[in-house]
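Start at 1 with the first residue, then count along the sequence. One-based numbering, in listed order, for ligands and for the atoms of each.
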Amino acid sequence: MKTLLTVSNLSVQLQQKAILDAIDLTLAQGDILGLVGPSGCGKTTLLNTIAGFVEHSCGQIQLAEQVIASEQYAMPAEQRRIGMIFQDYALFPHLTVAQNIAFGISHLPKKEQQQRIEQLLTLLQLSEYPKRYPYQLSGGQQQRVAIARALAPQPKLLLLDEPFSNIDARLRNELMLELRSLLKQLKMTAIFVTHNKDEVFTFADKIAVMDQGKLLQAGTPSDVFQQPDSWQVADFLQIGSWLPLDYHQQQWRSALGPIDDNSIVSLNSDNGHSDAQHYLLVKPKAIVVIPDAQANAKISYVSITGQGYHYLLSSINKDPLLVFEHLSFYSEQQYQQGQELALAIIPHQYQIFTR
Ligand SMILES: Nc1ncnc2c1ncn2[C@@H]1O[C@H](COP(=O)(O)OP(=O)(O)OP(=O)(O)O)[C@@H](O)[C@H]1O
């Protein structure tokens, strides 16, 4: 597919502090990218830099084969043909729905403006409300006005900063699917910021995980979830919990038994050669209870979820190299807090990380 956006080696410094560090990112025409990462890692700054609201210190941004930022040049934001939707929608409270949508296209002849407003009102199911003010609309309707306003100048790229965070949880899924199908219909390329990994699965084609100003990993959501390439990515996406391992006499051991060397997909490890602590990434479904065996873990916390009981486990073995806390385990079976269990890890393609 045709590449629409290429960000190369992009760095940003604000008040002498590195906020973005050598970001590389490409996006194909029509792709929707979910940008995730811990609070303060630079997601909003990356959107603002692509949009031209924040000055970059080095690197290049190319949009639809046109360089919009380089070492020598920064195209003004209003010329970049990038639409932005802010978390609080930032609608003009004193303007009606139609006037809000018209805001970015006032340079067009009146007739063309009117045509575009009508098309967008229909597309976003706002035809009944052109004369209403933002305060007379629900959160979901306000979001649709913000989308219509951003789409009116026919941008090449749409940037959305936490677009669903103000939407009622029950409505969120419906709105996400609606907006996704609209963007797909328009073949619109988009980047959205979220804190919620479930939103990435519903809304995005690609995910990019950031931490401390760096882009750690990008790919399809299922690839990144199955093959996180660093512990930070696995940890942020809460793919599993961490079981400490020790490499001793050519064998990996854990508080839940030995780990077969032959099944290790040693992604971020050095096969026990360094002094760093090694951890097995344990997905909740990879743990099983072994009846009548000697207990090796104790239930420290119980909660009820949609997927059965959720238990946090701590090790009974207090060997400092192997001791664990907060190992996550789901089961249909009800156990009591404080109960001791014999657990084992189901053989699978083990992923070991150092941290
Ligand atoms: N104008 C500024 N001057 C100095 N530092 C700034 C400025 N704007 C943002 N920062 C800093 O840049 C870092 C990244 O901020 P940014 O808002 O991009 O993070 P974020 O990942 O979007 O966070 P959140 O998820 O909490 O919204 C933070 O440490 C922030 O304090």
Side-chain angles (χ1 to χ4, degrees), residues 5 7-27 31-61 63 68-69 74-78 80 82-91 139 142-143 146-147 150 157-169 172 175-176 179 189-204 206-219 221 224-225 228-239:
L5 177 75
V7 173
S8 324
N9 196 33
L10 185 73
S11 296
V12 166
Q13 280 202 346
L14 294 172
Q15 297 171 359
Q16 278 123 38
K17 196 175 145 217
I19 307 291
L20 296 182
D21 183 5
I23 303 272
D24 288 317
L25 179 70
T26 56
L27 210 51
D31 265 358
I32 301 176
L33 174 79
L35 194 57
V36 301
S39 190
C41 70
K43 304 179 292 292
T44 300
T45 306
L46 179 56
L47 289 197
N48 284 333
T49 311
I50 294 172
F53 302 136
V54 167
E55 207 178 311
H56 65 294
S57 52
C58 75
Q60 183 173 301
I61 307 172
L63 179 67
I68 59 170
M75 182 186 277
E78 63 279 7
R80 290 192 181 194
I82 294 177
M84 186 129 180
I85 296 171
F86 300 93
Q87 188 178 353
D88 57 2
Y89 314 138
L91 296 175
Q142 288 181 29
Q143 190 199 42
I147 294 162
L157 174 69
L158 197 59
L159 305 176
L160 306 99
D161 199 351
E162 298 193 44
F164 308 109
S165 62
N166 290 333
I167 309 269
D168 184 297
R172 198 176 297 158
L175 270 176
M176 270 191 278
L179 181 54
T189 314
I191 304 179
F192 77 106
V193 164
T194 179
H195 282 107
N196 182 337
K197 63 176 176 174
D198 295 336
E199 286 184 6
V200 173
F201 273 104
T202 312
F203 195 67
K206 274 179 90 179
I207 180 174
V209 186
M210 287 182 66
D211 190 30
Q212 297 186 6
K214 289 188 173 28
L215 201 152
L216 299 183
Q217 193 176 357
V224 174
F225 272 78
D229 63 13
S230 64
W231 75 264
Q232 289 95 332
V233 170
D235 208 51
F236 179 76
L237 297 175
Q238 294 176 302
I239 294 172

Please step through side-chain contact (heavy atoms from CB on, under 4.5 Å) for the pair K197 and I207, ending with a clear verdict.
-> CA-CA 9 Å; K197 63 176 176 174; I207 180 174; 6.0 Å; no
Do L160 and L158 pass the side-chain contact (heavy atoms from CB on, under 4.5 Å) test, and can you show the C-alpha distance, the side-chain angles, and the key distance before you say yes or no?
-> CA-CA 7 Å; L160 306 99; L158 197 59; 4.3 Å; yes
Verify side-chain contact (heavy atoms from CB on, under 4.5 Å) between T49 and I23, making sure each step is shown before the conclusion.
-> CA-CA 11 Å; T49 311; I23 303 272; over 6 Å; no
Begin from the C-alpha positions of L215 and D24 and carry the test side-chain contact (heavy atoms from CB on, under 4.5 Å) through to its verdict.
-> CA-CA 7 Å; L215 201 152; D24 288 317; over 6 Å; no
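Protein heavy atom in closest approach to atom 10 (N) of ligand 1: L14 CD1, 4.1 Å. At the shortest separation from atom 19 (O) of ligand 1 among protein heavy atoms lies G42 N, 3.2 Å. For atom 17 (O) of ligand 1, the closest non-hydrogen atom on the protein side is T44 CB, 3.8 Å. Counting only heavy atoms of the protein, atom 15 (O) of ligand 1 lies nearest to T45 OG1, 3.7 Å. Summary of contacts: the protein heavy atom closest to atom 26 (O) of ligand 1 is S39 OG, 2.5 Å. For atom 11 (C) of ligand 1, the closest non-hydrogen atom of the protein is I19 CD1, 3.7 Å.
Checking atom 31 (O) of ligand 1 against the protein gives no heavy-atom contact under 4.0 Å. The protein reaches atom 7 (C) of ligand 1 closely, with a heavy atom under 4.0 angstrom from it.
Both the backbone and the side chain of K43 come within contact range of ligand 1, each with a heavy atom under 4.0 Å.
Classification of the F164-F192 ring pair by plane angle, with boundaries at 30° and 60°, yields perpendicular.
Side-chain contact between V54 and I19: absent, with no pair of heavy atoms (C-beta onward) separated by less than 4.5 Å. Between H195 and S165, every side-chain heavy-atom pair lies at or beyond the 4.5 Å cut-off.
Heavy-atom separations between G37 and ligand 1 are all 4.0 Å or longer.
The only member of L216, V209, V233 that meets side chain to side chain contact (heavy atoms under 4.5 Å, CB included) when paired with P228 is V233. Applying side chain to side chain contact (heavy atoms under 4.5 Å, CB included) to L46 and the options I50, T44, N48 leaves one that passes, I50.
Of the options K17, M210, H195, Q16, the smallest heavy-atom separation from atom 29 (O) of ligand 1 is shown by K17. Of the candidates G213, G40, P38, G40 brings a heavy atom nearest to atom 28 (C) of ligand 1.
The distance from ligand 1 to the heavy atoms of Q15 drops below 4.0 Å at these ligand atoms: 3 (N), 4 (C).
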